[in-house]
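Naming convention: chains lettered A, B, ... in sequence-line order (proteins, then strands); numbering from 1 in each chain.
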2 protein chains.
Amino acid sequence: MAVSVDDVFSQITARGLRVTRQRRAVVAAVADSSVCLSPLEVFEAARRDCPDLGLTTVYRTLELLGEIGALRRVHGADGCERLVPAGSTHGHAVVCDSCGRVTEFTECDMGDVVRAATRETGYRITGHFLQLSGLCVDCAAQGDGGARTPAARPDGRWNEKGSR
Amino acid sequence: MAVSVDDVFSQITARGLRVTRQRRAVVAAVADSSVCLSPLEVFEAARRDCPDLGLTTVYRTLELLGEIGALRRVHGADGCERLVPAGSTHGHAVVCDSCGRVTEFTECDMGDVVRAATRETGYRITGHFLQLSGLCVDCAAQGDGGARTPAARPDGRWNEKGSR
DNA sequence: GCTGAAAGTGAAAACCGTTTTCATTAGACG
DNA sequence: CGTCTAATGAAAACGGTTTTCACTTTCAGC
Ligand SMILES: [Mn+2]
Ligand SMILES: [Mn+2]
Ligand SMILES: [Zn+2]
Ligand SMILES: [Zn+2]
């Protein structure tokens, strides 16, 4: 699911770039995840396959994957962001507020919303960034409440910065 | 338009906080803008009213305005973000890709989209983050093309970081 | 399989937006 | 005014990301 690993490597070679052990590890780490990952988390996951991997290379590879379109950005309420593998060219993230799982949603018909916005603002609307949030199937079944799995940081920060 | 300055000051005093010369300048700078602003840009604008203003105070005031709900975050394609005044409690930004102007859009009926997403993902959807993009009335009238006003950075970064 | 040109890598340093610290200033309220 | 406390700004600290650079690896072409 999510990213097709073979496609990613095809795109890399098509650009005249090289498939390295490090890139394989980063792509695998991202492709395997159903949860938002920070660059640091990608680093830690990929490092299990490739212990001598450097954080610098993770950043460089994530940028490359972004150019290829294999990553989708997920914005948190406070503006920081995380990355999830993108399964298709046009899709949106649906984020579970409880466990952090991210699922892709592709059947977005924004026609009515775009018409309403055009009426209200006069803009000629050509694009949209949409992200839905709620409870995934598992979390909804477990009960309606708050965070079960503390693994996912609900505030959506890349990482805990200051102590505050 | 956008933020009601008086309301903001009411909320500030209601919290037992103080209305200072610096806060007045920051609120004015944000409220006057129809374009996304970075904290640095807010600082520069507010400094014209209040030359001894410090950047630290801008950050502190922006955080306060965020808590009050007087700011809306705008996410750029690359994940960095900017701030615009929020006119209402629930609304979405419509961003002009050409000049950077941001207008608020409130009549969002996401019913169909949410139903489609529920069908596709099984999530119980309780929230949405939506941001539309296109051309504002002025830019659409001027022609269909690319950036006219180089003032707005199309990449959406807070500021030009590295040289790269 | 070699070989060589060019891409890739990682450690360390630099960068830079943001946050913290702390001594000083200035609202609000009587 | 006087007091009490929130607010401020300069400077330092912070921390995620990017750059640098000497070294390694990939892979197309023998
Ligand atoms: Mn869509
Ligand atoms: Mn809405
Ligand atoms: Zn969940
Ligand atoms: Zn415009």
- Closest-nucleotide 5' rank along DNA chain D - winner of B:G16 and B:D52: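 Upstream on the strand: B:G16.
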Length of the line joining [X]:[atom1] and [N]:[atom2], which is rounded to integer Å:
| X | N | atom1 | atom2 | result |
| --- | --- | --- | --- | --- |
| A:R23 | C:dG10 | CZ | C1' | 14 Å |
| A:I12 | D:dT25 | CD1 | C1' | 15 Å |
| B:R47 | D:dT8 | CZ | P | 14 Å |
| A:E44 | D:dG16 | CD | P | 11 Å |
| A:L53 | D:dT25 | CG | P | 14 Å |

- Message: Which is more 5' along DNA chain C, the nucleotide nearest B:L55 or the one nearest A:T56? Just name the residue.
- Response: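 Closer to the 5' end of DNA chain C: A:T56.
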* Can you list the steps and then say if B:Q22 with B:T61 is a side chain to side chain donor-acceptor pair (under 3.5 Å)? -> CA-CA 9 Å; B:Q22 290 89 339; B:T61 304; over 6 Å; no
B:Q142 side chain to B:C139 backbone, donor-acceptor under 3.5 Å:
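Side chain of B:Q142 to backbone of B:C139: no pair is present.
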Would the distance check show the side chain of A:Q131 and the main-chain N or O of A:V94 forming a donor-acceptor pair, the cut-off being under 3.5 Å?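 No: the side chain of A:Q131 does not pair with the backbone of A:V94.
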Sole candidate of B:H90, B:R72, B:H92 that passes side chain to side chain donor-acceptor pair (under 3.5 Å) when paired with B:E104 |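 When side chain to side chain donor-acceptor pair (under 3.5 Å) is applied between B:E104 and each of B:H90, B:R72, B:H92, only B:R72 qualifies.
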For the side chain of B:R60 and the base of D:dG9, is some donor closer than 3.5 Å to an acceptor across the two?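 Indeed there is one.
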Show the distances under 3.5 angstrom between N or O atoms of the protein and N or O atoms of nucleotides 26-30 of chain D.
from	atom 1	to	atom 2	distance (Å)
D:dT26	O2	A:R18	NH1	2.6
D:dT26	O2	A:R18	NH2	3.4
D:dC27	OP1	A:V19	N	3.1

**Report entry** Worked verdict on B:F129 versus A:F129 for side chain to side chain contact (heavy atoms under 4.5 Å, CB included)
**Finding:** CA-CA 8 Å; B:F129 175 80; A:F129 176 79; 3.3 Å; yes
Query - Sequence-distant partners of B:D32, side-chain contact (heavy atoms from CB on, under 4.5 Å), two or more places apart - result: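 Per chain and number, B:D32 pairs via side-chain contact (heavy atoms from CB on, under 4.5 Å) with no residue.
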